[in-house]
Number of protein chains: 2
Amino acid sequence: MLIGEYEHSLDAKGRLIMPAKLREDLGEKFIITKGLDGCLFGFSQTEWTNFEEKLKTLPLTNKNARDFVRFFLSGATECEIDKQGRFLIASNLREYAGMEKEIAIIGVGTRIEIWNKEKWKKYNSDENISADEIAENMTMLGI
Amino acid sequence: MLIGEYEHSLDAKGRLIMPAKLREDLGEKFIITKGLDGCLFGFSQTEWTNFEEKLKTLPLTNKNARDFVRFFLSGATECEIDKQGRFLIASNLREYAGMEKEIAIIGVGTRIEIWNKEKWKKYNSDENISADEIAENMTMLGI
DNA sequence: ATGTTCATATTCACCGATAAGCACTTTGTT
DNA sequence: AACAAAGTGCTTATCGGTGAATATGAACAT
């Protein structure tokens, strides 16, 4: 299970350290693609095929569905973690997610998300999430 | 059943002693996450995996669901109690809960809560918590 | 009261993960 | 061929996490 929040920085060539705690769950090779809310998604190989399967079930007759599928598949890249624990983020994805130097990587269960750190902070400070809402959701989920 | 109130202090590296009485119920490994009212929650593994399963079922396409999942999973860390009964609190969680040195740990049935001691005192002394009021609200819940 | 044991606190030393800089290779362009 | 740009790999320094050792203090038994 991918969890936690980590802050790291891109090196001059656009490489990023994969936090040690995420490495084991994600595997040597994994997939990153454009994500929602302005971040990038990263999937382990098994989770990716899982995700692909879901996309395949969408009706091709629906324009919305076609767009959705294109969005995720066109942006996908396979990444490999090098001996020093780093991986390269393709330049088009870097651009898409507005990445400069400071990066936040978060684990979200079945995937990781890679954020421009500023964006992530802002996202968190926004009242996206009120305590009441959280409490309500928690009781709904029975915790 | 996790009960009681304990006061301890963080060491220089951000580690905290888990009160002996909570250890047996919580287990060697447990999960801490961002909690409500500015504290941290700690769950036993069984409580947590239960919760995780439910989070996994939430739809990726729903923004609210994404927000909720991000809040909990990005804020979660697995902790392990060392031979001396201590565990490390990740720095982002320490920051979130405003932890300095003096800490209060309390048992709340299915989970523990970890508080900055000052905050905890204040929270208790505030008029938001009078026993009478609480009692009154309880009757509404049918106790 | 005294000694024994267990829980907690504090300090130090070590090791691994990460940051940063640089050099080399490959590829594509002029 | 020469150069620029992008990608890959190595080396070093630093910092945070981890474990060990010791000190303090409370609870309990004799």
Side-chain angles (χ1 to χ4, degrees), chain A residues 2-32 40 42 76-97 99-107 112 114-117 120, chain B residues 2-32 40 42 76-97 99-107 112 114-117 120:
Chain A
L2 300 159
I3 57 173
E5 176 180 348
Y6 311 86
E7 292 178 4
H8 290 298
S9 52
L10 285 178
D11 74 9
K13 301 307 182 74
R15 287 175 297 186
L16 186 61
I17 292 241
M18 177 61 66
K21 288 186 181 155
L22 297 179
R23 250 174 253 163
E24 40 188 287
D25 273 346
L26 210 53
E28 280 290 295
K29 290 182 180 183
F30 61 99
I31 313 290
I32 58 178
L40 301 178
T77 321
E78 190 179 56
C79 290
E80 191 165 355
I81 296 185
D82 70 18
K83 271 181 289 189
Q84 287 131 90
R86 300 168 303 183
F87 65 101
L88 181 72
I89 303 180
S91 61
N92 60 324
L93 293 180
R94 254 179 288 157
E95 194 182 348
Y96 168 80
M99 295 191 166
E100 319 255 317
K101 185 165 174 73
E102 311 258 282
I103 306 291
I105 306 176
I106 66 176
I112 63 168
I114 308 171
W115 290 74
N116 172 314
K117 184 172 142 192
W120 170 243
Chain B
L2 300 159
I3 53 172
E5 178 178 344
Y6 310 85
E7 292 179 3
H8 290 297
S9 53
L10 286 178
D11 74 9
K13 299 304 184 78
R15 287 176 295 187
L16 186 61
I17 291 244
M18 176 62 66
K21 289 185 180 156
L22 296 178
R23 249 173 254 164
E24 41 188 287
D25 274 346
L26 209 54
E28 279 290 293
K29 290 182 179 182
F30 60 100
I31 312 291
I32 59 180
L40 302 176
T77 320
E78 189 178 56
C79 291
E80 191 165 358
I81 297 186
D82 70 18
K83 272 181 287 189
Q84 288 141 89
R86 299 168 304 181
F87 65 101
L88 181 71
I89 304 180
S91 62
N92 60 323
L93 294 181
R94 266 181 327 221
E95 193 183 348
Y96 171 80
M99 294 187 167
E100 319 256 317
K101 187 165 173 72
E102 310 259 282
I103 305 292
I105 306 176
I106 63 179
I112 63 168
I114 308 171
W115 290 75
N116 172 316
K117 185 172 142 193
W120 170 243

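Within every chain, numbering begins at 1; the chains are lettered A, B, ... in the order of the sequence lines, protein sequences first and strands thereafter. Remember, predicted model here, so these are calculated numbers, not experimental data. Computed over heavy atoms, backbone and side chain alike; hydrogens, waters and symmetry mates excluded.
- The number of heavy atoms from other shown groups lying within 6.0 Å of CD (E7(B)) is above 12.
- Judged by distance alone with a 3.5 Å cut-off, a donor-acceptor contact links the side chain of Q84(B) to the base of dA21(D).
- Regarding R86(A), its CZ atom lies at a distance of 12 Å from the P atom of dT11(D), rounded to whole Å.
- Rounded to a whole Å, the CG atom of L22(A) is 14 Å from the P atom of dA17(C).
- Side-chain contact between M99(A) and L16(A) is absent, with no heavy-atom pair separated by less than 4.5 Å.
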Atom pairs under 3.5 Å, N or O on each side, protein against nucleotides 6-8 of chain D: can you list them with distances?
from, atom 1, to, atom 2, distance (Å)
dG7(D), N7, K13(A), NZ, 2.8
dG7(D), O6, K13(A), NZ, 2.3

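- The aromatic rings of F30(A) and F87(A) lie perpendicular to each other, with more than 60° between the two planes, well past the 30° mark.
- Across all strands, R23(A) comes closer than 4.0 Å only to sugar-phosphate atoms, never to a base (heavy-atom distances).
- To the nearest 0.5 Å, the span separating CD1 on I105(A) from CG on L2(A) amounts to 11.5 Å.
- As rounded to whole Å, 17 Å separates atom P of dA17(C) from atom CG of L16(A).
- K101(B) comes within 4.0 angstrom of sugar-phosphate atoms only, judged by non-hydrogen atoms across all strands, and of no base.
- In this entry the distance linking NZ of K83(A) with C1' of dA17(C) reads 17 Å, nearest Å.
- The nearest whole Å value for the distance from the CG atom in L10(B) to the C1' atom in dT11(C) is 16 Å.
- For Y6(B) and dA26(D), the OH to P distance is 18 Å, given to the nearest whole Å.
- In this structure, I17(B) places its CD1 atom 14 Å from C1' of dT11(C), rounding to the nearest Å.
- Between K117(A) and I103(A) there is no side-chain heavy-atom pair separated by less than 4.5 Å.
- Nearest nucleotide to the side chain of S9(A), out of dA19(C), dA17(C), dT8(C): dA19(C).
- Within the 4.5 Å cutoff, no side-chain heavy atoms of I114(A) are placed close to those of L93(A).
- Applying the side chain to side chain donor-acceptor pair (under 3.5 Å) definition to pairs two or more places apart or across chains, those involving residues 14-31 of chain B are D11(B)-R15(B).
- Per the geometry, CZ belonging to F87(B) stands 14 Å off C1' belonging to dT8(C), to the nearest Å.
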